[in-house]
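Comments concern the structure below.
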Amino acid sequence: MENNGRRERYISRIQIFLLFLFLHQISMATSSSTTNNNGEKQIEHDQNVLQKHVAFFDRNHDGIVYPWETFQGFRAIGCGIILSSFAAIFINFGLSQKTRPGKFPSIFLPVEIKNITKAKHGSDSGVYDNEGRFVPSIFEEIFSKHARKHPSALTSDELMGLLKANREPKDYKGWLASYSEWKILHVLCKDKDGLLHKETIRGVYDGSLFERMEKEHSEKKKNK
């Protein structure tokens, strides 16, 4: 029972984090199932993972995400009606016009998946380039440069060092966006020792998180 309760809290926290992540982490890209010599899943550098994340919410697969589809997507991963409703309005309002450059604003708040990288913010980790492509060497540098106590995990202080190192001059919005996504991820997903593990971060970057959560929620409903 204790393990189930712990898992419930973890999933709930991830759901809240996803809301913030979707608003700020606009530089992701699609992964493949290739592996390295250690058997770990790798992320292809020439694909756009953010499109995969957003495509999860494109429930009718037409390349456009409307608020009601965002709502359906959040419900699919186990979020409540209130959070799903808030996410649908807040996310689409924040991303719609950014992904529709030169077009007149629409009351239906559509998000065009093909233009999702246009919402990329500054002062980020650089793990994704301006085209939304994953850069493996930069991902590894996060840990080689900042993970001092544990080679594959970050402490709270090490995370702050990473954020400071990535700051661009006077990019206050970028500072806030990066601080929000990383600190929320650390607070919600750290282990009992306060460490944010490499594989946890990889789970965000490899584009598989939403699908995995939908599967887990579906299985949970079947077992009730």
Side-chain angles (χ1 to χ4, degrees), residues 8-31 47-121 124 128 131-132 134 173-174 176-185 187-189 200-201 203-221:
E8 291 285 339
R9 289 193 297 272
Y10 175 77
I11 294 298
S12 178
R13 289 169 177 175
I14 284 290
Q15 292 165 359
I16 297 172
F17 163 67
L18 287 173
L19 175 59
F20 287 90
L21 178 69
F22 205 100
L23 290 171
H24 296 303
Q25 187 67 9
I26 307 298
S27 55
M28 303 205 167
T30 304
S31 66
Q47 296 179 316
N48 190 310
V49 163
L50 180 61
Q51 290 183 3
K52 180 177 179 180
H53 280 266
V54 180
F56 172 82
F57 295 90
D58 181 13
R59 309 307 279 185
N60 64 357
H61 309 293
D62 65 351
I64 299 175
V65 180
Y66 290 97
W68 51 88
E69 292 180 291
T70 304
F71 174 86
Q72 293 167 0
F74 271 83
R75 290 291 286 160
I77 61 176
C79 293
I81 293 177
I82 294 177
L83 175 58
S84 299
S85 300
F86 177 75
I89 297 172
F90 201 42
I91 289 173
N92 282 71
F93 182 81
L95 298 182
S96 180
Q97 200 56 34
K98 291 180 180 179
T99 63
R100 305 173 68 249
K103 295 183 179 180
F104 194 78
S106 170
I107 61 173
F108 297 109
L109 302 177
V111 174
E112 296 188 9
I113 296 176
K114 66 179 180 180
N115 295 325
I116 197 63
T117 55
K118 293 184 181 299
K120 186 181 186 301
H121 67 72
D124 59 11
Y128 292 98
E131 300 299 323
F134 180 78
K173 289 183 179 179
L176 178 60
S178 293
Y179 180 86
S180 298
E181 64 200 26
W182 279 100
K183 288 299 289 185
I184 291 170
L185 177 60
V187 169
L188 302 183
C189 299
T200 300
I201 300 173
V204 175
Y205 282 134
D206 70 15
S208 64
L209 187 58
F210 291 131
E211 289 85 355
R212 186 167 70 247
M213 291 181 67
E214 181 178 27
K215 182 178 179 181
E216 290 177 355
H217 179 62
S218 178
E219 291 175 350
K220 178 184 174 183
K221 289 172 64 177

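Computation of the quantities below employed the complete heavy-atom set of this structure, encompassing side-chain atoms and omitting hydrogens, waters and symmetry-equivalent molecules. Counting from 1, the numbers follow the sequence of the chain as shown.
- The structure places CZ of F90 at 13.5 Å from OG1 of T70, a figure rounded to the nearest 0.5 Å.
- A distance of 9.0 Å separates CD1 of I64 from OG1 of T99, quoted to the nearest 0.5 Å.
- Nearest approach of N92 to V65, heavy atoms of both residues: ND2-O, 3.0 Å.
- Legend: residues meeting side-chain contact (heavy atoms from CB on, under 4.5 Å) with F93, ordered by chain and number and at least two apart, are L109.
- Side-chain atoms of I89 and F71, non-hydrogen and from C-beta on, never get closer than 4.5 Å to each other.
- Among residues two or more places apart in sequence or in another chain, the side-chain contact (heavy atoms from CB on, under 4.5 Å) test is passed with P105 by Q97.
- For residues 59-77, the pairs satisfying salt bridge (Lys or Arg N to Asp or Glu O under 4.0 Å) are R59-E214, with sequence neighbours left out.
- Applying the salt bridge (charged side-chain N to carboxylate O under 4.0 Å, His left out) test to E112 and every residue at least two apart in sequence or in another chain returns R100, K103.
- Although no hydrogens or angles enter the test, the distance criterion places a donor-acceptor pair under 3.5 Å between the side chain of S96 and the main chain of P110.
- The line from NZ of K98 to CD1 of I116 is 9.5 Å long, rounded to the nearest 0.5 Å.
- In this structure the side chain of F108 never reaches within 4.5 angstrom of the side chain of P67, judged on heavy atoms.
- Between F57 and I91, every side-chain heavy-atom pair lies at or beyond the 4.5 Å cut-off.
- The closest side-chain heavy-atom distance from K220 to E216 is not below 4.5 Å.
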